[in-house]
Every structure is written in C-alpha cells, then in structure tokens.
Amino acid sequence: MWRRKGGRGKMEEKVKMKIDANLCAGCRICEMVCDLRHNSETGILNPKRAHIKIIGQFPKPYKIKFSGCTHCGECAKFCPTGTISLKDGEKYEENFVPGPISSKKTEIGGYAGKILFINFSRKSRKKWNTRSFTKTTMRKYLGGRGLAAYLLYKHNPKGIDSLSPKNNLIVASGPLAGTFVPAGGKITFASKSPLTGGYGNSNMGGHLAAELKYAGYDALIIEGKANKPSMLVIDDGHIEIRDAGKYWGMHSIDAEKALKEDLGEDFQIAVIGPAGENLVRFACISHDFGRQAGRTGMGAVMGSKNLKAICVRGTRGIPIHDIEAMMEKGREMFTDCLTSENQKHWTRYGTPGVTDWVNEIGAFPVRNFKGEWFVHHKHLNGETMREKIVIGDKGCFGCPMPCGKVSHATKNGAYDVYVEGPEYETIALCGGNCCLGDISDVAYINYLLDQYGIDTISGGAVMAFAIECFQKNIISLVMTRGRKLDFGDVETMEFLAKEIAEQKSELGRILALGTKKAAQILGGDSFVAAIQVKGLEQSGYGIRDAPAMALSYITCGIGAHHNDSWAITRDIEKGRKLLEGKAEWVVYLQHIRPLFDMFGTCRLQWVELPNFSLEHYPEIFKCVTGLDFTLEELLEKSERIFNLTRCFWKRENPDFGRAYDQPPVRFLKEEVPLGPTCGAKLDQEKVDYLLDDYYKLRGWDKNGIPTKEKLEELGLDFIVKDLYPDSEK
C-alpha cells in the first residue's frame with residue numbers, strides 16, 4: 001500500500017524539481033497527483049485544490065503555476081513528457097505515496113449523481129432543473145455513451161425532425177472520467193442525426209468531461225430552442241443562459257479564445273462555428289482548440305437550438321468509493337502506460353504514425369476512394385509531420401501518452417496558421433482522398449475546417465465527392481460560378497470549405513447535406529461517388545480487400561465510422577480472403593470499444609500499448625464506483641447499448657434493416673487500380689454471407705432487427721412495444 005515517508009505524521013524531506021513548460025502537454029495528471037498527495041483524507045478527488053495549476057495558452061506553451069508546493073516530487077513520477085522532473089542527483093522514494101488516506105467508503109463513487117435538464121423553449125424564467133441519476137440507471141447503462149443513448153431514446157419523441165426544437169442534445173460524461181485512470185477525458189454528445197436521420201453520437205477528448213463532473217453533473221439534456229443566439233454557462237451549481245450575440249458568427253477557435261478571455265481561463269468550452277450556426281449537416285462541436293465531436297452533425301443540432309457554446313467550470317470534485325484502492329490501481333495502470341515500449345513513439349507521432357502502415361497494406365484512400373494506395377504518402381506520414389510542422393505535444397485530461405500535435409503550417413505567404421493536428425483521419429480524408437501531397441497543405445485545410453466547425457472526415461469526403469462530380473460534369477461551371485474544381489489543389493478545397501460553411505450558394509447548400517443527400521439531388525452517376533453508409537461518410541480505411549473492416553463499417557451504429565470496430569488488423573493477421581470468424585471478431589470489438597465511451601476514457605491505451613490489459617478496467621471501475629462487475633458483465637452492458645441504438649434507427653426509420661447495412665456502391669463496382677490490393681473489390685454474395693453470420697451471432701432476424709427475445713434478454717423490455725406493438729406480454 002502507499003504510505004507517507006516516515007509514517008503518517010512525519011513530513012518527508014523536500015526534493016528539488018525542475019520545470020520545462022515548453023514540454024507540457026496540458027494533461028493535468030500532475031494536478032490529480034498533487035491533490036491525492038495533499039487531500040486524500042477527504043475521499044474526494046478534486047484537482048482544483050492542487051498546489052500546481054496548468055493554464056492553457058494555445059498555441060503558446062502552457063503556463064504552470066505553483067501555490068504552496070511542498071516539493072515532494074510525486075508529480076514528477078507521473079509526468080509523461082518530462083515537463084516536471086527532479087534535478088540531477090535528486091531521488092525520491094519509489095513507494096512514496098500521499099497520506100493520510102481516507103478509510104471511509106462512499107457507497108457509489110465516480111458519479112456526480114445529477115442530470116441537468118435545460119429547456120430553452122420553456123416560457124418560465126427558470127429554464128432548468130436537475131434530477132437524480134438513479135443507482136438502477138447507473139448499473140444498467142454505466143454512463144457516457146450508454147447513458148446518452150438511453151436518455152435519447154427515452155426523452156426524444158418518435159419521428160421528430162432532427163433540426164426541430166424537440167430533438168434533444170445529450171451531453172454525458174462517464175464514471176471514470178476525471179478520476180485517477182489513464183486518459184479519463186472522453187465525453188459523448190448524442191442526438192438524432194441531421195446527417196443520417198438515425199442515431200447520432202460523437203465523442204471527444206479534452207477536459208470537458210472532467211469539468212462537467214467537477215461541477216456536479218453526469219449529463220446534460222438540452223431541449224427546445226432559444227429565441228436568440230445564446231450560451232449555457234455552468235459554474236458549479238450556478239446555471240445561466242446568457243446572450244451570445246457577440247460570439248455568433250465567430251469561427252470556432254476564435255470564439256473559444258474570446259469566451260475564455262471573458263469568462264476565465266479555467267472554464268472549459270464546447271463551441272460551434274459558422275457551419276453549426278448555418279446548419280451544415282456534418283458540423284462539429286469544438287473544444288480545447290482542436291478537439292471535436294466531429295461525426296453525425298452534433299454541431300448542427302446545437303445551431304438549431306441557437307446554442308453557440310456550453311461553458312463549464314467546476315470546483316466540487318468527485319467522490320471516490322475507495323480512494324486508497326483507486327490510487328493503488330491507478331498507479332499500476334499509469335505505470336504500465338509510462339513504461340510501455342510504445343509510449344514514447346506514440347507520444348512523438350500520435351495517430352499520423354499509422355499513415356505508412358495503412359498505405360503499405362493498400363487501405364489509404366486516394367481520389368475519393370477510387371484508389372487505396374498513395375504514391376506521396378511519405379510526405380504525409382508522422383515522421384515528416386513531426387519534422388516539418390509540429391511544435392509541441394498536447395494531451396487530453398489524465399493522458400499518459402499525449403497524442404495531440406500542435407502544428408504551425410506556413411507556405412509562401414499563402415497561409416500561416418496554428419492548429420492541433422492533423423490526425424490520421426484528416427490526413428486520409430483531406431490529404432490522400434483529395435490528393436494533397438503536402439502535410440502543410442493538409443494542416444491548413446484542417447485549420448480552415450476547425451475554424452468553420454466542420455468535421456474533417458465528412459468535410460474531406462464531401463470535397464472529394466464534389467471534385468469528382470465536377471470532373472464528371474455532374475456539377476457544372478454554372479454551379480461553381482466559373483471555378484474549376486481539381487484534385488490536389490488547396491484553393492479548390494478552400495473554396496469548397498467556404499461554400500459549405502457559409503451556405504450562400506446553391507452548391508454550398510447541396511454539399512452541406514452530405515454526400516448521400518447531395519447525390520440524390522444531383523443524380524446521374526453521383527451516387528457511385530458518395531462514399532457513405534447510412535448517410536455518414538466513411539472514415540479513412542479502404543475496404544475492398546478487408547472483409548472484417550467492411551463489416552465493421554456497414555454495421556456500425558452511426559454509419560461508416562471506425563470507432564466501434566477497427567477490425568482491419570484481423571484481416572491482415574488472419575488472411576484477407578477469409579470470411580469465417582470475421583463476424584465474431586467484429587461483434588467482440590463492437591462491445592469492447594464502445595465500453596470505453598461508456599466509462600469516459602480513451603481506448604488508445606488498450607489499442608496501442610502492448611500488454612495493457614482489459615482486466616484493469618473492471619478492477620479500477622470497482623475501486624472508483626464500488627460497483628462490482630466482471631469484464632463479461634460490462635461487455636453485456638455494451639451489447640445492450642449497441643442493440644438500443646439499433647432500435648432507435650428502426651423506430652425513426654420504419655424501413656430500416658439490411659438495406660441500410662450496405663457498403664458504398666463504388667466498392668462493389670470498381671476494382672482498386674494500383675498498389676498492394678490492385679484488382680480487389682467487394683462481392684455482394686460475400687457481403688451477404690458476412691451479414692447473415694453477423695445477424696445470427698447478434699440474435700437479430702434476417703433483416704438485421706433485434707428480436708423480441710434478444711431485447712428481453714438484455715433488459716430492454718421498454719423497447720419491445722415500439723418494435724413489436726402487437727406482441728403479447
């Protein structure tokens with residue numbers, strides 16, 4: 001167990017630390033460790049009490065402030081970037097740990113215990129109230145993605161328009177977010193998607209998840225529509241709806257800077273840009289100058305409510321069931337991360353580090369997915385990016401492997417911008433997919449889309465779609481007002497981004513609907529150019545010779561997104577032509593990966609660090625919450641949510657079923673022209689084989705709808721009456 005040096009009543013000798021703020025990634029692990037060192041006897045984790053404070057200064061280095069620091073050296077042990085270290089010759093006890101430690105056990109920890117309801121349409125002056133987050137709901141849905149999906153299904157009226165005031169926006173943190181668990185910084189946004197018309201969600205990192213819980217709330221349910229541009233300000237228990245007229249029309253990064261200047265640096269801000277205000281169907285929600293809830297158009301939902309920003313500051317902390325056990329287990333998990341052989345490589349390159357690998361296996365999108373191998377990939381990879389544009393590392397809350405990259409991109413007076421990124425997905429969709437072969441150009445487009453508040457995955461896909469349609473004479477020079485659209489041209493992408501965000505032209509208004517709806521309007525051969533599933537543009541992996549990854553995309557709960565199941569490694573390991581066993585693996589991943597979203601943690605520690613065990617999570621979950629579940633029981637809860645979101649699709653779209661679980665037309669019609677997968681394409685019979693196997697494993701019928709028996713098995717009885725109204729109890 002952790003014990004204070006010399007016993008609980010004796011102070012340790014001070015050690016001399018050195019600080020290099022230029023290395024700080026802003027992960028705030030040091031704040032957590034400091035609070036546990038000094039205040040663990042309270043049984044509450046509250047980094048706001050720490051003697052050290054990290055202040056964001058994007059794109060400048062973080063500011064590090066000390067107040068009453070005892071120089072115990074504990075924070076230096078956990079700093080992933082070497083920002084805080086001991087001076088030469090100084091040593092600390094390897095087993096040194098805070099004390100005294102609370103022996104009190106909170107019945108259920110990890111939760112703030114309240115859900116905040118906001119209704120902008122309410123006629124009374126007070127437009128909010130709180131409700132308790134019940135133990136039954138905690139046990140059944142955990143939090144984060146699970147809680148968001150449940151609240152959306154229960155509180156959204158059936159069949160409403162996704163941009164109507166009645167479409168709720170759910171913001172939900174998880175029980176491990178903001179606690180002494182690696183990378184507890186994930187928050188979920190969920191709503192009926194304006195892009196797809198089905199279940200929509202997106203999660204993002206940063207610091208909002210922790211801050212919301214420190215303010216006293218596990219989730220927000222935002223209803224109605226404000227009568228003018230507004231912002232929601234949550235300052236612990238003080239709730240205000242303020243006029244946001246001065247920020248309306250501002251770009252996302254600029255608006256976040258202005259809000260922090262006006263409210264205070266310690267507020268965590270989620271904000272939309274012009275794309276969200278103008279209801280672009282794939283508009284994103286931005287936070288922490290580069291973190292986005294990008295997929296399915298959550299920014300448009302905020303815009304439809306006249307909600308410019310959600311601003312949160314919390315100082316209350318989080319009760320922990322067994323704080324000593326959490327510290328012990330948390331220390332083990334952080335140590336596993338920090339000593340992993342891949343930690344330094346991942347921190348140095350982040351997600352762009354996979355660019356070469358994806359290209360080598362023939363899965364890197366090129367020219368609107370016509371190809372899956374890019375000759376210029378070396379100009380876009382992690383090494384080139386690090387050498388050419390990266391100026392610093394950036395991490396989400398509590399992350400021991402900060403993968404965010406702060407970049408400075410310049411070119412011949414054409415642009416000079418700072419941006420977080422680009423991430424791999426942006427490199428794939430705005431780089432190779434649009435044939436940009438210069439990482440600085442990709443970073444510039446990343447910056448533009450971040451400022452407008454556009455998802456870079458859908459944004460890159462829509463721009464590639466538009467260029468192809470122009471070159472096929474489906475989009476005319478009249479529609480572009482005489483402007484030619486070319487692959488590999490930064491000015492073309494700059495033009496298209498502005499058209500989409502500002503909605504001042506017919507072309508912009510069509511493209512702002514997303515590729516599926518745009519193809520329905522444009523007609524002709526444009527549907528082949530629409531690389532989407534269920535209306536969501538596909539993220540950055542080619543699937544013509546990757547059946548497991550193809551199955552992942554077509555069955556994903558929001559559309560063609562990799563978050564639920566990154567199964568392409570299974571295709572490589574077990575054989576690309578093999579079909580047997582692929583469906584079983586996809587189902588397995590679709591239960592594991594969303595579980596992290598329910599916890600409120602990042603999955604990348606498990607994905608990227610060798611031997612980082614999944615078994616850590618039921619153990620730390622019990623320490624934090626007191627709820628005792630095996631990994632199998634936790635995965636069953638994830639399965640419950642996967643079925644619930646499937647039922648949301650069916651409730652909102654009566655024709656929903658197998659016809660929605662289909663790959664983009666291009667992958668069935670056109671072979672890969674070059675590279676390692678040259679000649680490959682998907683076969684409809686094999687797709688049907690995979691779907692049959694998948695549906696059977698899931699306990700769904702042949703049309704892909706959860707059966708009454710499966711719903712009852714998962715405790716989703718309240719859904720049975722919606723899907724099977726004629727069934728007898």
- Pair R593 + D564, salt bridge at N-O below 4.0 Å: no
- Distance-only polar pair, side chains of N119 and K127, donor-acceptor under 3.5 Å: no
- Any donor-acceptor N or O pair under 3.5 Å, side chains T515, E537: yes
- Measure the acute angle between the ring planes of F289 and F58, then classify it against the limits of 30° and 60° as parallel, tilted or perpendicular. parallel
- All heavy atoms of F189 vs all of A270, minimum pair found to be CZ-CB, 4.4 Å
- Query: Between R386 and D393, is there a salt bridge with N-O shorter than 4.0 Å?
  - Reply: yes
- Message: Take a 6.0 Å sphere around NZ of K48 and say whether it holds more than 12 heavy atoms from other residues, nucleotides or ligands.
- Response: yes
- Query: Just wondering, do C396 and C27 contact through their side chains at under 4.5 Å, heavy atoms?
  - Reply: no
- With the threshold set at 4.0 Å, does a side-chain nitrogen-carboxylate oxygen contact exist between K213 and D218? no
- Item | Distance under 6.0 Å and angle within 45° of ring axis: R295 vs F282 | no
- Candidates L151, L212, I115, N168 - the one meeting side-chain contact (heavy atoms from CB on, under 4.5 Å) with L220: L212
- Classify the angle between the aromatic ring planes of Y444 and Y415 as parallel (below 30°), tilted (30 to 60°) or perpendicular (above 60°). parallel
- Kindly compute the distance separating OG1 (T601) from CZ (F397), expressed to the nearest 0.5 Å. 12.5 Å
- Can S539 and H562 be counted as having a side-chain donor-acceptor contact under 3.5 angstrom? yes
- Item | Electrostatic pair E423:K405 at N-O distance under 4.0 angstrom | no
- Polar side chain donor-acceptor pair, Q451 to S252, under 3.5 angstrom: no
- Cut-off 3.5 Å, side chains only: do S164 and D161 have a donor facing an acceptor? no
- Task: Can you label the angle between the H408 ring and the Y418 ring as parallel, tilted or perpendicular, going by 30° and 60°?
- Result: parallel
- Message: If I take atom OG from residue S505 and atom NZ from residue K498, how far apart are they, to the nearest 0.5 angstrom?
- Response: 11.0 Å
- Distance-only, no hydrogens or angles: does the N412 side chain make a donor-acceptor pair with backbone N or O of A414 under 3.5 Å? no
- Query: Ion pair present between D438 and K388, side-chain N to carboxylate O less than 4.0 angstrom?
  - Reply: yes
- Message: In the structure I gave you, are the side-chain heavy atoms of R291 and N203 within less than 4.5 Å of one another anywhere?
- Response: no
- Query: Donor-acceptor pair, K305 side chain versus N167 backbone, under 3.5 Å?
  - Reply: yes
- Check ion pair D288-K394 (N to O, under 4.0 angstrom): yes
- Between D262 and Y247: side-chain donor-acceptor atoms closer than 3.5 Å: yes
- Query: Where is the tightest heavy-atom contact between I239 and D236, given as atom of each residue plus distance?
  - Reply: CD1-O, 4.2 Å
- Which is it for T296 and S193 under the side-chain hydrogen bond (donor to acceptor under 3.5 Å, both in side chains) test, yes or no, and what are the steps along the way? CA-CA 6 Å; T296 71; S193 169; 4.6 Å; no
